[in-house]
Protein chains: 2
Amino acid sequence: MAVQNETTRDRILEAAEDAFGEQGYHETLVDDIAGRTSLSKGGFYFHFPSKEDLFFSVIDRLANRLTIRAEGAAAKCASPIGGVEAALTEVLTRLGRRRRIAKVLLVQGYSMGSAFEQKRVEVYGRFAAVIQDGLDRAVVAGEISPTNTAVVARAWLGAVNEIVVNWVYRGSPTPTEALPVLRAILIGGLERPDSRLVTEETEGNDG
Amino acid sequence: MAVQNETTRDRILEAAEDAFGEQGYHETLVDDIAGRTSLSKGGFYFHFPSKEDLFFSVIDRLANRLTIRAEGAAAKCASPIGGVEAALTEVLTRLGRRRRIAKVLLVQGYSMGSAFEQKRVEVYGRFAAVIQDGLDRAVVAGEISPTNTAVVARAWLGAVNEIVVNWVYRGSPTPTEALPVLRAILIGGLERPDSRLVTEETEGNDG
DNA sequence: TGCTACCGACCGACTGGTCGGTCGGTTCAG
DNA sequence: CTGAACCGACCGACCAGTCGGTCGGTAGCA
């Protein structure tokens, strides 16, 4: 029935999140996921058409959750630049708490080869768009000087990404530890239009 | 003999660079590489013990070349911060010219699963160390304020990485186009000790 | 209440293709 | 004649996906 169906599907997604995070795409066998779910392989294929489809579903689920959280954090801030900062903090904090999730989202997809390229563009594009949107509004609000916000957004995304991935692989510094420095250099890299005495009012941001 | 040996080995490395860059690790078959080299599979295995070993050799070769170029560019500059900037420019320009190389170096490795993790740490660590070294010397030289240069180096690395990867997947903006903006925000994110305009004495960063 | 027909969820042995790696054989320069 | 370099048919592990079958539940009917 429908309810049981949903539950089982979710159980599979949950198990897959763990498995992919621990072992990567190729190392994770459909039998592994079936095992973790107390399902047979056939049972699994009743719920998902393919292993690839499963992986994409996992990615979508994680990316959606993270985007919602980031946008929620940003929405609580009055100023655009404060919003971007809050979103940054939220993402770093969130990923910093769940290493496996970070690994699935930021690393494991590449194992899929060309099948992943489109998905990568889509997911990273969505995050970049959130950042860029905040920056654009900050420009309009006169908080920062006009610049190529698309490039800046990508650079920020990359910086955050590398901090997290490095932590995933080496264990330190944790995203939380890196956050203050990261925030300082990213925000600090933006020019203020009224820069006679920078006097940041963005410093004591809320969140 | 040694000479012929080297030549064939290099031909294999060259072909592998192309193949991995175009198709990724899993999609590239040993037979592909043999074919591109006008060698049989057996001939290939005379020169390399395994496909994995071949991939690592390709990565090492590319990373070494790029590191040498970056360090060379940096060495030509008098000031440390100028050196870091020059290295950044060199890397972006270099990778921007060869999309396939960029793809092998920055993306394809992940396809190998856990076997690659150590290599990733090693290669990225080497690049980060070059940047960090420049930043550290810039601090000593009084060009920038003390900060957590390890984190800053990682962030820079990530920013550059994402710009290049995004270009690899989407074709634009090219690294060369992005360079001015990137340079501005990265360098701009660093505090100058003598800046009367920037008042705050480092609110969040430690060492 | 009992019986039948049916169904969604699940099982697990099996298949079919793929591909890294092997090995006995061949070529040819020295 | 030796052996480094190379050939290419072959092996066998591996694994995503299939398919015929099982089983608990339930709708409909008398």
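Just so you know, these numbers use all the heavy atoms, side chains as well, and skip hydrogens, waters and symmetry mates.
- Side-chain proximity of B/Tyr45 to C/dG8, C/dG21, D/dG17: nearest is C/dG21.
- Below the 3.5 angstrom threshold, one finds no donor paired with an acceptor across the side chain of A/Lys51 and the base of D/dG17.
- Rounding to whole angstrom units, CZ of residue A/Phe46 and P of D/dG17 are separated by 17 Å.
- A salt bridge does not link A/Glu162 with A/Arg170: every distance from a Lys NZ or Arg NE/NH1/NH2 to an Asp or Glu carboxylate oxygen is 4.0 Å or more.
- For the atom pair A/Arg126 CZ and A/Ile131 CD1, the distance stands at 13.5 Å (nearest 0.5 Å).
- Neither OP1 nor OP2 of D/dA16 sits under 4.0 Å from any side-chain N or O of A/His26.
- At C/dG12, none of the side-chain N or O atoms of A/Ser40 fall inside 4.0 Å of OP1 or OP2 (strictly under the cut-off).
- Of the listed nucleotides (D/dA5, C/dG20, D/dA16), C/dG20 has the atom at the smallest distance from the side chain of B/Val30.
- Between the CG atom of B/Asp10 and the P atom of D/dA5 there is a distance of 14 Å, rounded to whole Å.
- Taking 4.0 Å as the cut-off between side-chain N and carboxylate O, A/Arg36 and A/Glu22 count as a salt-bridged pair.
- For C/dC10, one of the phosphate oxygens OP1 or OP2 lies less than 4.0 angstrom from a side-chain nitrogen or oxygen of A/Thr8.
- Atom-to-atom, CG of A/Leu39 to C1' of C/dA9 comes out at 9 Å; the value is rounded to the nearest Å.
- Separating the CD1 atom of B/Ile12 from the P atom of D/dC6 is a distance of 8 Å, rounded to the nearest angstrom.
- Straight-line distance from the CE atom of B/Met112 to the P atom of C/dG20: 12 Å, rounded to whole Å.
- Rounded to an integer number of Å, the gap from CG of B/Asp31 to P of C/dG17 is 18 Å.
- Not one N or O on the side chain of A/Arg192 forms a donor-acceptor pair closer than 3.5 Å with the backbone of A/Ile144.
- Residue A/His47 places its side chain closer to C/dC10 than to any other of D/dC6, C/dC10, D/dG17.
- Taking atom CG on A/Asp53 and atom C1' on D/dG17, their separation rounds to 14 Å, with Å as the unit.
- Distance from the side chain of B/Leu29 is smallest to C/dC19 among C/dC19, C/dG21, C/dA9.
- Side-chain atoms of A/Lys41 lie closest to D/dG17 of the nucleotides C/dG21, D/dG17, C/dG8.
- Atom CZ of A/Phe48 is separated from atom P of D/dA16 by 15 Å (rounded to the nearest Å).
- Taking the charged nitrogens against the carboxylate oxygens, B/Arg61 and B/Glu14 do have a contact shorter than 4.0 Å, which makes a salt bridge.
- Within 4.0 Å (heavy atoms only), A/Thr37 reaches no atom of the nucleic acid at all.
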